[in-house]
Amino acid sequence: MIKPPLTILLAAPRGFCAGVVRAIDIVERALALYGAPVFVRHEIVHNKFVVDSLKAKGAIFVKELDEVTDTTRPVVFSAHGVPKSVPAMAAARHMFQLDATCPLVTKVHMEAQRHHAEGFEIILIGHQGHPEVIGTMGQLPDGAVRLIETVEDARRISVLNPEKLAYITQTTLSVDDTRDVISELQRRFPSIRGPYKEDICYATTNRQEAVKSIAPRVQLLLVVGAPNSSNSQRLVEVGARHGTPRSLLVQRASDLDWSTLEGLSVIGITAGASAPESLVNEMIDAFRDHYDVAVETVSLREENVAFKLPRELRETSTAP
Ligand code: SF4
């Protein structure tokens, strides 16, 4: 059978960011040093494939610490960060805790604490219910951080003192949408204090920029990622806004509906920050079964960010 030609534009950078690599390393290193099981509070990163492979190695995922049945075992907190109450509870139960919070999320936590210590009211731009937002709001007493999501929210919010006001953001938002929300806040509250350096992280920004560069050239953009992954969802939106007629989130190649994928000549593929490269390769291989595929990598910039592991895991083994 002669297969029709298909060009796949592969966006770069894509996939794993430094925070995700570090979080997975923390669980794997804890398993290697201390043996199974290692408890992990929440999905370590938002990807079922990653979670399932860690489960197979001996990680046990729990929603809350009270589900941890053996407190002599290590417990890891996810890359999204946790409210202060979580390490406090772990300490009260004498648990051996390992914090996989991404250092770029910790940076936002520290900004929030600094603003609060200086008597500023804080507006957090983010998505309600996302674990990172819950973790960031939980750094300070209830009511100290006010959450907004949209320009409309920024237009409506009333504040105590416009001269003592600061904003912070979730790390995985749409760069463009967030710029609009910040502009509205700055219009209404010209003295509002912002981060010294963007809160939206380098990985989120780079992946969105890479999608913008291929979106106008492709008939379909596939974002490999999970439905609960904020940065993956944003990539789908960025693709749709920058010229791709169809922009879809896909978890695995087996989720593709081939009846809707006929007659294509150029598609784009990217992956969210928590999606492993093996799933991208699986997707390309699936297209090879149907098309005569040529892959062209469109590279926007190189990334060379890496974060250190927690000290306990860098040193040689000691029993927890
Ligand atoms: Fe850290 Fe950004 Fe990755 Fe989130 S997406 S884990 S903030 S590097």
Side-chain angles (χ1 to χ4, degrees), residues 11-29 40-51 54 76-83 86 98-112 124-127 129-139 167-178 194-211 223-238 249 270-277 279-280 300-310 313:
R14 64 179 175 280
F16 277 4
C17 61
V20 162
V21 169
R22 176 177 179 269
I24 296 169
D25 277 357
I26 287 174
V27 179
E28 289 187 332
R29 186 108 178 98
V40 184
R41 182 185 176 277
H42 283 191
E43 284 193 342
I44 184 77
V45 300
H46 281 154
N47 190 279
K48 186 175 177 320
F49 179 85
V50 171
V51 167
L54 291 173
V76 181
F77 306 145
S78 82
H80 312 99
V82 291
V86 172
L98 293 165
D99 189 359
T101 302
C102 175
L104 300 181
V105 174
T106 303
K107 165 188 161 287
V108 178
H109 291 178
M110 289 166 71
E111 273 172 53
L124 167 63
I125 306 167
H127 296 297
H130 190 279
E132 184 185 322
V133 163
I134 294 168
T136 300
M137 295 185 81
Q139 298 306 303
Y167 75 84
I168 54 177
T169 85
Q170 191 178 329
T171 57
T172 50
L173 299 178
S174 152
V175 172
D176 297 335
D177 288 352
T178 307
Y196 289 128
K197 192 172 173 291
E198 281 294 308
D199 287 339
I200 296 179
C201 77
Y202 81 94
T204 300
T205 306
N206 288 349
R207 280 150 192 68
Q208 288 178 18
E209 291 296 320
V211 163
V223 178
V224 182
N228 56 350
S229 160
S230 172
N231 78 85
S232 303
Q233 292 282 11
R234 302 295 80 78
L235 293 176
V236 176
E237 293 168 4
V238 169
L249 184 69
T270 186
S274 43
E277 187 66 4
L279 300 186
V280 172
L300 195 77
R301 63 180 60 97
E302 297 275 308
E303 286 180 346
N304 51 12
V305 180
F307 298 128
K308 278 186 186 164
L309 292 177
L313 298 180

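Counting convention: from 1, in listed order, for ligands and their atoms alike.
- Pairs engaging residues 224-237 under the salt bridge (charged side-chain N to carboxylate O under 4.0 Å, His left out) rule: Arg234-Glu237 [sequence neighbours left out].
- Under the 4.0 Å criterion applied to side-chain N and carboxylate O atoms, Glu277 and Arg14 are assigned as salt-bridge partners.
- Only protein atoms were considered; those of element N, O or S under 2.8 Å from atom 2 (Fe) of ligand 1 number 1.
- Contacts classified as salt bridge (charged side-chain N to carboxylate O under 4.0 Å, His left out) and involving residues 196-210 (residues at least two apart or in different chains) are given here: Lys107-Asp199, Arg207-Glu303, Glu209-Lys212.
- Contact of the Gln170 side chain with the Thr136 side chain is not registered, since no non-hydrogen atoms from C-beta on lie closer than 4.5 Å.
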Would you be so kind as to tabulate the donor-acceptor pairs closer than 3.5 Å made by side chains of residues 19-27, with sequence neighbours excluded?
{"from": "Arg22", "atom 1": "NE", "to": "Lys308", "atom 2": "O", "distance (Å)": "2.7"}
{"from": "Arg22", "atom 1": "NH1", "to": "Thr101", "atom 2": "O", "distance (Å)": "3.1"}

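- Side-chain atoms of Leu300 and Asn206, non-hydrogen and from C-beta on, never get closer than 4.5 Å to each other.
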